[in-house]
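A short write-up of the structure that comes next.
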Amino acid sequence: MSRSASLSRKPQRAVAALLLLAACAAVACGQPDQSQPKNIIVFIADGCGESTQRALELWRGEPMIYQGPAWTRFDATTYPLRPGPRPSRGVPPLEQDQRFVYDYALATDTTPDEGSSLGYPFHFRSYRWLRATASDSANTATSIFTGVSTYRGAINVDGGQQPIPAVSKAASERGKAVGIVTSVPVSHATPACAAGASVPNREMYHDITHQMLTGTVCTVIAGAGHPEYDDNAKRRETPKYTYISEGDWNALKAGSVAGATSPAWTLVDDTERVRALAEGDTPERLFILAPVAHTLQQMRTPHVRGDSTPPGVHPLTPGVPTLRELTLAALNVLDNDPDGFFLMVEGGAVDWAMHDTEIGRMIEEMTDFHSTVEAVCELLDAGDRGFDWSNTLVIVTADHDHLLLGPESDTVAFQPLEDRGPGVVPGHLWHADTHSNLPVPLFVRGVGAERFGDIPTTPAGPKRVFHQTAIGELLFRLVGAPNAATRE
Ligand SMILES: [Zn+2]
């Protein structure tokens, strides 16, 4: 439900000049002006580079909604500041290790390479370089949500391991409701960064969840990582506290987390209740843990690395909410805020399927992700919930790439996926079970979308690219806050 319908009324002509003056004054005091979106929705398909997008497109036999004419496409580089927490030799902690900067010549070098690593031959020097310099979901999400480049594994800390504020915090300080939705554990890297948690190591899951629960940023948190269920949504005999501490879990169930600000969290882990939350009354603050351990569906049995069983052959686990259902529940809470909202939705298990080199499961995850984007676009089209295309910015992007290419790409460098028709898994070859440094696509639509066109770019062969940190810098400006990197 929305309480903000009156705010969208067109101003009378007679007072237009006064409103303009007021808007100018608002800009001067750092408040959002009318060219800034009231609502921002960031969709991230984790690990979804160009070829992952292409796999879904070929499977569907038609473009995705965000490839339509109403959207504008950009390309972002994703490289990290350096490979890990320790500063690179001879490079100050806050400075860029130049060996990792995306370099088009190195990234396209087709000189044969006889070497291999982690069971995957390199084939070409470019493949070796792209694998060796890849980013991870922690440094990339930090780039996107703080505008600051950092090392692999860092959650909203800079190269000196100092915490840096996320744009979601700036949004919440401006009165906006913040929601975080994912198909993987809520304390995984992308949701952690989007929620404004700060830790020097992405595996500090208990600290991350505790920060998310006790901080003031989030109004809705929804995803997987339930301690009492396994990957098939079966109750465990003994809870497994990987992603949330036993203390926080018991406190959540009892309705009161020590140190949490009001209003108290309402815990929902019943799928029928999640589905019912798409409409009608909502709690003030909502924490949804789907009744699954790691992912909503990707890790369900049978789950075999390297499996190329087509999507849908293995039945989905019943009684588990989809990413779409989690997102609709989240939006129904967020749209109560008259100041607007900031929502991040992650198709997190896309990356998990890519790591497991399971093309069918990857397409399943991409399908749920795309269905979620479609559902949100339908609500924006309808415009009867207080958010529509006149007051909302939507971004659809990935955090980083995986080196997934065509079936003969071991001899034909960068051969694209082979189109085998709709409903047929495209011809493909995995070149690693980890990430690559290839740029990723970025699609934008809505209020402020044109401002992505003002970001300075550098040429990269036929494309022009900007680094992901530019997304974070622009997001800060779009919520009316100075960039974290330049904040005093
Ligand atoms: Zn990954």
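In what follows, residues are counted from 1 in the order of the sequence shown. Read the numbers this way: they start at 1 and go in the same order the structure lists the ligands and their atoms.
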- request: Starting from the C-alpha separation in whole Å, work towards a yes-or-no answer on ring-ring contact (aromatic ring centres under 6.0 Å, His included) for Y127 and F122.
  value: CA-CA 6 Å; Y127 293 5; F122 292 125; 9.2 Å; no
message: Does E358 form a side chain to side chain contact (heavy atoms under 4.5 Å, CB included) with W352? I'd like the steps, not just the answer.
response: CA-CA 9 Å; E358 295 169 316; W352 293 44; over 6 Å; no
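With respect to the Zn ion (ligand 1), D351 has OD2 as its nearest N, O or S atom.
For a distance bound of 2.8 Å, the N, O or S atoms of H435 include one lying that close to the Zn ion (ligand 1). In summary, H402 places no N/O/S atom under 2.8 Å from the Zn ion (ligand 1), failing the contact criterion.
Looking only at atom types and distance, the side chain of T219 has no donor-acceptor partner in the side chain of R285 under 3.5 Å away.
Between L130 and L403, the shortest heavy-atom contact is CD1-CD1, 4.2 Å.
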